[in-house]
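See below for the structure under consideration.
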Amino acid sequence: MYEIIRKVPRGRVATYAQIAALAGVTRGGRVAAAALKVSQKSDRLPWQRIVGRASEVRGRIAIYDPAGAAHQRQLLEREGVEVTDAWTIDLRRYGWLPTDAGSDRFKP
DNA sequence: CAGGTGACTCTTT
DNA sequence: GAAAGAGCCACCT
């Protein structure tokens, strides 16, 4: 799962459910979230690019801790992702399409 | 084996 | 569209 997360390109974001699905876990949003929660800094993951899915076209920063959320926001903006005042991201503009990185490396 | 949990999300109002 | 509620899945007690 970490390998999949590392494939999300700069300036793009993916949802927890999306990561889980690519890892073979349908409706495993919470699982992906848990995986990130226990990850260590040494894992060098672009964790800031994984967001919750607020609707069909909107992603939302899912960090509850205000400081952590602000941090994620800063990291995203630094790489060109626009985050709204409501802590949401337009997935139509910044959402990652797995085909971008060649999903062929994933074997069911 | 039963029950609880959560950086989630899908469906129904 | 937004707001609730009910699911869901891997893990841990």
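In what follows, chains are A, B, ... by sequence order, proteins preceding strands, each numbered from 1. What you see is a predicted model; the values in this text were computed from it and never measured. Computed from heavy atoms alone, side chains included, the values below leave out hydrogens, waters and symmetry copies.
- Note on Arg58(A): only backbone sugar-phosphate atoms sit closer than 4.0 angstrom, heavy atoms only; bases stay farther off.
- The CG atom of Leu76(A) lies 10.5 Å from the CZ atom of Arg10(A); values are rounded to the nearest 0.5 Å.
- Atom-to-atom distance recorded for Arg49(A):CZ and Glu79(A):CD is 4.0 Å, nearest 0.5 angstrom.
- In this structure, Ile61(A) atom CD1 and dC8(B) atom P are separated by 12 Å, rounded to whole Å.
- The Arg53(A) side chain lies nearest to dC10(B) when the options are dC9(C), dC10(B), dA7(B).
- Distance Arg27(A) CZ to dC8(C) P: 7 Å, rounded to the nearest Å.
- Counting non-hydrogen atoms under 4.0 angstrom, Ala34(A) reaches nothing in the nucleic acid.
- With rounding to whole Å, His71(A) atom NE2 is found 18 Å from dA7(B) atom P.
- In this structure, CE of Met1(A) is placed 11 Å from C1' of dC9(C), rounded to the nearest angstrom.
- dC10(B) and dA10(C) have their P atoms separated by 16 Å, with the value rounded to a whole Å.
- Whole-Å rounding puts the Gln18(A) CD to dC8(C) P distance at 21 Å.
- Considering only side-chain atoms of Leu36(A), the nucleotide from dT9(B), dA7(B), dC9(C) that sits closest is dA7(B).
- When all heavy atoms of Ile4(A) and Trp96(A) are compared, the closest pair comes out as O-CH2, 4.4 Å.
- Interatomic distance, OG1 of Thr88(A) versus CZ of Arg53(A), reported as 13.5 Å (0.5 Å rounding).
- You'll find a donor-acceptor pair under 3.5 Å spanning the side chain of Arg30(A) and the base of dC8(B), going by distance alone.
- dA7(B) and dT13(C) are spaced 22 Å apart, taking the C1' atom of each and rounding to whole Å.
- The 12-atom threshold is exceeded at CZ of Arg73(A), counting heavy atoms of other residues, nucleotides or ligands nearer than 6.0 Å.
- Remark: P of dA7(B) and CH2 of Trp87(A) are 17 Å apart, rounded to the nearest angstrom.
- Atom-to-atom, CG of Leu75(A) to C1' of dA7(B) comes out at 14 Å; the value is rounded to the nearest Å.
- The interatomic distance linking Glu56(A) (CD) with dT11(B) (C1') rounds to 13 Å, in whole Å.
- Heavy atoms of Thr26(A) sit under 4.0 angstrom from primed sugar atoms or phosphate atoms, though from no base atom.
- Of all nucleotides listed (dA7(B), dG7(C), dA10(C)), dA10(C) comes nearest to the side chain of Val25(A).
- For Tyr16(A) against dA7(B), a side-chain-to-base donor-acceptor contact under 3.5 Å is present.
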